[in-house]
Amino acid sequence: SAVSREQTGGPASSREYIPKHSQVVASKVDEPLVVPSTGSTLIDETFESSGFTENSWTVVNDATNVWVVGQAESFSGTSSAYISNNGGTSASYTNTIAATSHFYKDFTLPDGANTLTFDWKCEAENAAGATQYDYGAVVITDTTTTPVAGTEVITTLATAGVNGRLGAATNLGKFNLGYGTSPGTVWNTETIDLSSYSGSTKRLVFTWQDDTSVGVNPPFIVDNIKITNAGGDTLIY
């Protein structure tokens, strides 16, 4: 349909006509809106405003040791995401029941230098192998890969532009007492370069894994998940 127009200033030969009214297109909550900027934050999750679902994270929990958003732990503010066996009252797990629980979110990385950071704590149980024994893991994968309770998504380290575990490279991608500085009692900050994934849409998965014996609290606790771009676009959820 016709819309009214206004003339811009300047000589007639250079005048442009601009619509007075334009159509507004709203995107769905779970679809990213890309807005140009210089240096930006793509994901900035502090867990302060609400839970997983309200912030477009998908949770896939096992039966006993499950991801919650609560106030038992936090690096800053009052809340964080953590594994709990008591509905969020504490960051604690039952170490005699095997469990694999996940939460995840999709995102699109613009061109340029992209960095993932998050704060974490985890004691649990460590040994030499990639799946030994109780630990947190952070995985980058394709959006067609759907995490399943009781099963890890990937157990190998990511290499440049290839899916796999991110961070904790000196401990085979396991976040527990085998990595970091006093990780059961002191918050650690992980910084991961995602530049090799620039221009792609990926899935970021936070996983908790434990077996059926031994292990010390706390399990995996995560706060302030942030993906930043040194210059380019802002991804708004």
Exercise. Passes side chain to side chain contact (heavy atoms under 4.5 Å, CB included), Asn163 versus Val139? Steps please.
Worked result: CA-CA 7 Å; Asn163 296 336; Val139 164; over 6 Å; no

Problem set entry | Modelled atom types, side-chain donor and acceptor of Asn176 and Asn126, under 3.5 Å | yes

Problem set entry | Criterion side-chain contact (heavy atoms from CB on, under 4.5 Å) against Phe118, the qualifying member of Ile225, Asn188, Ile227 | Ile225

For this session: Check whether the side chains of Asn95 and Asp134 place a donor and an acceptor atom closer than 3.5 Å, and report yes or no.
Result: no

Exercise. Do you know the tightest heavy-atom contact between Gly88 and Val68?
Worked result: CA-CG2, 3.8 Å

For this session: Begin with the C-alpha distance, continue with both residues' side-chain angles, and end with the deciding distance and a verdict on side chain to side chain contact (heavy atoms under 4.5 Å, CB included) for Trp120 and Tyr82.
Result: CA-CA 9 Å; Trp120 68 277; Tyr82 51 88; over 6 Å; no

Exercise. Can we say Glu73 and Lys121 salt-bridge, meaning some charged N sits less than 4.0 Å from an Asp/Glu carboxylate O?
Worked result: yes

For this session: Would you sort out whether Asn85 and Ser92 count as a side-chain hydrogen bond (donor to acceptor under 3.5 Å, both in side chains), showing the intermediate values?
Result: CA-CA 6 Å; Asn85 60 358; Ser92 55; 2.8 Å; yes

For this session: Answer with yes or no whether the side chains of Thr78 and Glu48 bring together a donor and an acceptor at under 3.5 Å.
Result: yes

Problem set entry | pair Pro110-Thr108: side-chain heavy atoms closer than 4.5 Å | no

For this session: Give a yes or no on whether Phe107 and Val59 share a hydrophobic cluster (residues Ile, Leu, Val, Met, Phe, Trp, Tyr; joining criterion: side-chain heavy atoms under 4.5 Å apart).
Result: yes

Exercise. Of Leu166, Ile154, Ile192, which meets side-chain contact (heavy atoms from CB on, under 4.5 Å) against Ile140?
Worked result: Leu166

For this session: Kindly check if the number of other-residue, nucleotide or ligand heavy atoms within 6.0 Å of OH (Tyr197) is above 12?
Result: yes

Exercise. Any luck finding a side-chain donor-acceptor pair between Ser76 and Asn224 under 3.5 Å?
Worked result: yes

Problem set entry | Salt-bridge present (Lys202, Asp142; N to O < 4.0 Å) | yes

Exercise. Do Phe220 and Tyr135 make the cut of ring centroids closer than 6.0 angstrom?
Worked result: no

Exercise. So, the side chain of Glu123 versus the backbone of Gly184: is there a donor-acceptor pair under 3.5 Å, distance only?
Worked result: yes

Exercise. When you measure from the side chain of Ser196 to the backbone N and O of Gly161, does any donor-acceptor pair fall under 3.5 Å?
Worked result: yes

Problem set entry | Closest contact, heavy atoms only, Ser56 versus Lys105 | O-CG, 3.6 Å

Problem set entry | Flag side-chain contact, heavy atom, 4.5 Å: Asp211 against Ser213 | yes

Problem set entry | Heavy-atom pair of closest approach, residues Arg165 and Ala130 | NH1-O, 2.9 Å

For this session: Determine, for Glu125 against Lys174, whether the closest basic-nitrogen to carboxylate-oxygen distance falls under 4.0 angstrom.
Result: no

Exercise. Within the side chain of Ser84, is there an N or O that forms a donor-acceptor pair under 3.5 Å with the backbone of Asn86?
Worked result: yes

Exercise. Are side-chain N/O atoms of Gln209 and Thr100 paired as donor and acceptor at under 3.5 Å?
Worked result: yes

Exercise. Which value, rounded to the nearest 0.5 Å, describes the distance between Phe52 atom CZ and Phe103 atom CZ?
Worked result: 5.0 Å

For this session: Kindly indicate whether the side chain of Thr117, heavy atoms from C-beta on, has any atom under 4.5 Å from the side chain of Thr115.
Result: yes

Problem set entry | His102 side-chain N/O to Thr151 backbone N/O, donor-acceptor pair under 3.5 Å | yes

For this session: Please answer whether the main-chain N or O of Gly77 pairs with a side-chain N or O of Ser74 as donor and acceptor at a distance below 3.5 Å.
Result: yes

Problem set entry | Close side-chain approach of Ser50 to Asn55, heavy-atom, < 4.5 Å | yes

For this session: Check the side chains of Ser198 and Asp111 for a donor-acceptor pair under 3.5 angstrom, ignoring hydrogens and angles.
Result: no

For this session: Find out if a path of hydrophobic residues (ILVMFWY) with successive side-chain heavy-atom gaps under 4.5 Å connects Val60 to Trp57.
Result: no

Exercise. Considering only heavy atoms from C-beta outward, does the side chain of Phe47 approach that of Asp223 to under 4.5 Å?
Worked result: yes

Problem set entry | Arg203 side-chain N/O to Thr143 backbone N/O, donor-acceptor pair under 3.5 Å | yes

Problem set entry | pair Thr228-Asn114: side-chain heavy atoms closer than 4.5 Å | no

Exercise. Looking only at heavy atoms, what is the nearest atom pair of Asp193 and Ser195, with distance?
Worked result: OD1-OG, 2.8 Å

Exercise. Taking a hydrophobic cluster as the set of Ile, Leu, Val, Met, Phe, Trp and Tyr residues connected by side-chain heavy atoms closer than 4.5 Å, whether directly or through intermediates, do Val222 and Tyr104 fall within one such cluster?
Worked result: no

Problem set entry | CA sep, side-chain torsions, deciding dist, call: Tyr93, Trp208, ring-ring contact (aromatic ring centres under 6.0 Å, His included) | CA-CA 10 Å; Tyr93 75 107; Trp208 165 254; 4.9 Å; yes

Seminar exercise, completed: For Leu172, the hydrophobic cluster (side chain heavy atoms closer than 4.5 Å, chained through members) also holds none

For this session: Go through Leu109 and Leu42 one step at a time and tell me if the side chain to side chain contact (heavy atoms under 4.5 Å, CB included) criterion holds.
Result: CA-CA 8 Å; Leu109 286 168; Leu42 286 73; 3.9 Å; yes

Problem set entry | Test side chain to side chain contact (heavy atoms under 4.5 Å, CB included) applied to Thr64 and Asp62, step by step | CA-CA 6 Å; Thr64 302; Asp62 218 325; over 6 Å; no

Problem set entry | Phe175 side chain reached by Val138 side chain, heavy atoms, under 4.5 Å | yes

For this session: Taking all heavy atoms of Ala91 and all of Pro219, pick out the closest pair and write down the distance.
Result: O-CD, 3.4 Å

Exercise. Does Leu204 share a hydrophobic cluster with Leu194, counting links as ILVMFWY side-chain heavy atoms below 4.5 Å and allowing steps through other members?
Worked result: yes

Exercise. Does Leu116 belong to the same Ile/Leu/Val/Met/Phe/Trp/Tyr cluster as Tyr179, with side-chain heavy atoms less than 4.5 Å apart forming each link?
Worked result: yes

Exercise. Can you tell if the side chain of Trp67 reaches within under 4.5 Å of the side chain of Ile83, non-hydrogen atoms only?
Worked result: yes

Problem set entry | Val214: hydrophobic cluster co-members (side-chain, 4.5 Å) | none

